[in-house]
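Report on the structure given below.
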Amino acid sequence: GVMFNFCGPDYTLGNKVWELKPISYSSGPLNVLAENQLSSYTSGGSPFVAGTGVELLGTDLMGAGAMFFEDAYYEIVLYANDHSGVFYYDAHKMTAQNLLNYQRAVDKTVPAINSGSNQSSIRSCPVIN
């Protein structure tokens, strides 16, 4: 098998890998670091290849969910681009009214979401839809 430095990629599906970073990594020097980290998983004879944003989040290149953490709910928004296996998250603490509005919106859109979670491995916190 392939040994990854530290923790390994944040998301895998078959032989494809993605790296998840805070939205602050979406440009500039931090983006270079994120891209280099992803490259470390796919270089040197590794059987892994970088996935794309479209493969992960669809053609909208965006996804959303809510997560319970330390006695509060957070809205988690994922962003990707179509040419990289690095994707980004932004998190905002939700008020009770935000959570109610969010749940109503999710109830309307969940049938259209295909997460493929039964075929993948997620190494980050679970997302509550």
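Interatomic distance, CH2 of Trp18 versus CG of Leu57, reported as 9.5 Å (0.5 Å rounding). Here the straight-line distance linking atom CD of Glu19 with atom OG of Ser40 works out to 8.0 Å at 0.5 Å rounding.
The aromatic ring centres of Phe68 and Tyr73 sit less than 6.0 Å apart.
Counting only distance, with no hydrogens or angles, the side chain of Thr42 and the backbone of Ser39 share a donor-acceptor pair below 3.5 Å. With hydrogens and angles ignored, the 3.5 Å screen pairs no side-chain donor or acceptor of Asp60 with any backbone N or O of Met62.
Asn31 and Tyr88 form a side-chain donor-acceptor contact under 3.5 Å, judged by distance and modelled atom types alone. Inspection of the Glu55 and Thr52 side chains reveals an N or O donor paired with an N or O acceptor under 3.5 Å.
Neither Tyr25 nor Val32 shares a network with the other; the hydrophobic side chains, linked directly or stepwise wherever heavy atoms of I, L, V, M, F, W or Y lie under 4.5 Å apart, form separate groups for each. Leu30 is connected to Val86 through a chain of hydrophobic side-chain contacts under 4.5 Å among Ile, Leu, Val, Met, Phe, Trp and Tyr, so both are in one cluster.
For Gly53 against Ala80, the heavy-atom pair with the smallest separation is CA-CB, 3.6 Å. Heavy-atom minimum distance, Ala91 versus Ile76: CB-CD1, 3.6 Å.
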Are Glu75 and Lys93 close enough, and set up right, to give a side chain to side chain contact (heavy atoms under 4.5 Å, CB included), and what steps lead you there?
CA-CA 6 Å; Glu75 177 187 30; Lys93 191 172 183 178; over 6 Å; no

Begin from the C-alpha positions of Ile23 and Tyr79 and carry the test side chain to side chain contact (heavy atoms under 4.5 Å, CB included) through to its verdict.
CA-CA 8 Å; Ile23 194 72; Tyr79 303 93; 3.6 Å; yes

Going through the checks in order, is the side chain to side chain contact (heavy atoms under 4.5 Å, CB included) test met by Phe87 and Asp10?
CA-CA 10 Å; Phe87 64 114; Asp10 291 317; 5.5 Å; no

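Screening Val17, Leu20, Leu56 against Tyr11 for a side-chain contact (heavy atoms from CB on, under 4.5 Å) leaves a single residue, Leu56.
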